[in-house]
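This report refers to the structure that appears directly beneath it.
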Protein chains: 2
Amino acid sequence: MARTLLERADAIPLLGEAFRTWGFEGASLARITEKTGLGKGSLYNFFPGGKEEMAEAVLAEIDGWFETHVFTPLATAEPKAGITGMLAATGDYFRSGNRICLVGAFALDETRSRFAIAINSYFSRWINALAGALERRGHARPEATALAEDVVLAIQGALVLARATDDPALFQRTLARLAQRLG
Amino acid sequence: MARTLLERADAIPLLGEAFRTWGFEGASLARITEKTGLGKGSLYNFFPGGKEEMAEAVLAEIDGWFETHVFTPLATAEPKAGITGMLAATGDYFRSGNRICLVGAFALDETRSRFAIAINSYFSRWINALAGALERRGHARPEATALAEDVVLAIQGALVLARATDDPALFQRTLARLAQRLG
DNA sequence: TATTTATCGTACCGTTCGGTACAAATACTT
DNA sequence: AAGTATTTGTACCGAACGGTACGATAAATA
């Protein structure tokens with residue numbers, strides 16, 4: 001009846017948008033259909049496991065993006081460049097404060113129990129990669145870990161507050177302050 | 001048939017727990033009934049407006065708690081005491097990192113549009129009250145505002161990360177670091 | 001104790017939920 | 001061009017959804 005408009009891979013960012021907008025529970029198949037332009041037939045063809053498989057695919061894509069653009073640079077590039085790159089990539093990914101962190105959002109309610117491993121891994125790897133870079137810049141182990149936690153947590157908090165107060169600039173201000181703090 | 005076990009006011013904290021656990025969309029009347037022990041008859045007797053009125057009541061109660069235990073002390077008490085009190089009250093309220101911030105959680109998805117004013121007001125008043133106290137402690141206006149933002153955002157971020165990594169101690173560590181930073 | 005008022009359990013409403021089945025249509029292979 | 005495999009719209013399913021109606025019960029008032 002209809003053509004192949006979207007590949008499975010093309011659907012994933014749109015699914016991400018749907019989950020970001022409505023949350024896991026609130027993202028009904030009707031809303032997902034609307035957002036992606038894919039009917040149930042296509043959705044269940046691509047994701048036989050239903051909503052849960054859709055969300056898993058979205059989380060895996062996010063994970064891959066951060067692995068490539070944030071975690072790996074932090075671990076392998078020159079520390080200063082890795083950290084600067086992290087802040088820039090983060091600013092881009094979260095659309096300068098106009099986009100929330102889906103992983104963080106999933107963590108807050110019972111959705112967490114479905115995806116606990118992916119959620120935990122995402123944040124742990126982020127903190128560890130940043131702490132490693134900070135150590136290589138000369139921070140002692142405990143301070144490096146504490147500072148890394150502080151930075152990742154500030155990014156998450158800024159996303160919450162930016163959206164809560166409808167003030168995306170708050171996120172950008174926070175990134176600027178972090179850049180200063182990480183010198 | 002049954003006795004008057006719960007007043008309307010007694011139901012509100014349980015409703016808060018239900019919304020914290022399941023989110024606004026995920027908190028179905030069946031789950032709310034289970035959590036509160038109140039049947040639909042009672043719930044709609046107390047909250048004729050349904051789920052939306054229940055959530056409004058929960059947000060109003062949270063707002064009142066913070067007004068009493070955080071915002072007012074920050075605005076009226078001696079600044080140092082107000083700030084110390086804020087950190088202690090915050091640690092208590094969020095159960096040392098075992099409880100999320102419902103206002104922040106509501107802010108992340110489309111639930112926000114239903115309660116935008118309450119959500120915005122809660123955070124704005126928190127930041128302003130804290131910035132005021134910091135000014136009275138001698139910080140210049142722009143730094144006071146920036147620091148206040150940083151603190152509130154760190155609390156929110158710590159709650160997200162503590163739950164995401166299943167590590168409530170992260171929240172306590174963060175509060176300790178904030179106490180140091182606010183000297 | 002009689003009467004009113006508030007509380008509550010249950011049956012039920014129409015709608016939407018996530019998910020399945022399957023035929024029609026398209027894309028790919030030969 | 002024919003045949004195979006994949007993609008996709010639609011009809012449909014039972015269950016659960018939020019919400020209403022209302023009689024039964026308990027508490028408060030008289």
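Just so you know, these numbers use all the heavy atoms, side chains as well, and skip hydrogens, waters and symmetry mates. Naming convention: chains lettered A, B, ... in sequence-line order (proteins, then strands); numbering from 1 in each chain.
Toward the 5′ end of DNA chain C lies the nearest nucleotide of A/Glu25, the other residue of the pair A/Glu25 and A/Gly41 mapping further downstream.
A salt bridge is absent between B/Asp109 and A/Arg20: the closest approach of a Lys/Arg side-chain nitrogen to an acidic carboxylate oxygen does not fall below 4.0 angstrom. Between A/Asp92 and A/Arg99 there is no salt bridge, since no side-chain nitrogen of the basic residue lies less than 4.0 Å from a carboxylate oxygen of the acidic one.
We find that CD of A/Glu7 is positioned 12 Å from C1' of D/dT6, with the value rounded to whole Å. Whole-Å rounding puts the B/Trp22 CH2 to D/dA16 P distance at 14 Å. The separation between A/Arg31 atom CZ and C/dG18 atom C1' is 14 Å, rounded to whole Å. Between the CG atom of A/Leu43 and the C1' atom of D/dT10 there is a distance of 14 Å, rounded to whole Å. B/Asn45 has its CG atom 6 Å from the C1' atom of C/dT7, to the nearest Å. Rounded to whole Å, atom C1' of D/dG9 lies 12 Å from atom CG of A/Leu38. The nearest whole Å value for the distance from the CD atom in B/Glu34 to the P atom in D/dA16 is 13 Å. As a whole-Å value, the separation of B/Leu29 CG from D/dG18 C1' is 5 Å.
Counting only heavy atoms from C-beta on, B/Lys51 has its side chain closest to D/dG18 among C/dT7, C/dG18, D/dG18. When each of D/dT8, C/dT20, C/dC8 is scored by its nearest atom to the side-chain atoms of A/Phe46, the top-ranked nucleotide is D/dT8. With distances taken from any side-chain atom of A/Ser42 to the nucleotides C/dC8, D/dG9, C/dT10, the minimum falls on D/dG9. With distances taken from any side-chain atom of A/Lys40 to the nucleotides C/dC17, D/dG19, C/dG19, the minimum falls on C/dG19.
A/Thr72 and A/Glu67 form a side-chain donor-acceptor contact under 3.5 Å, judged by distance and modelled atom types alone.
By the 30° and 60° cut-offs, the orientation of the rings of B/Phe71 relative to B/Trp126 is tilted. Between B/Phe66 and B/Tyr93, the ring planes are perpendicular. Angles over 60° get that label, and only those under 30° would be called parallel.
Between C/dC17 and A/Ser28, a contact under 4.0 Å exists linking OP1 or OP2 to a side-chain N or O.
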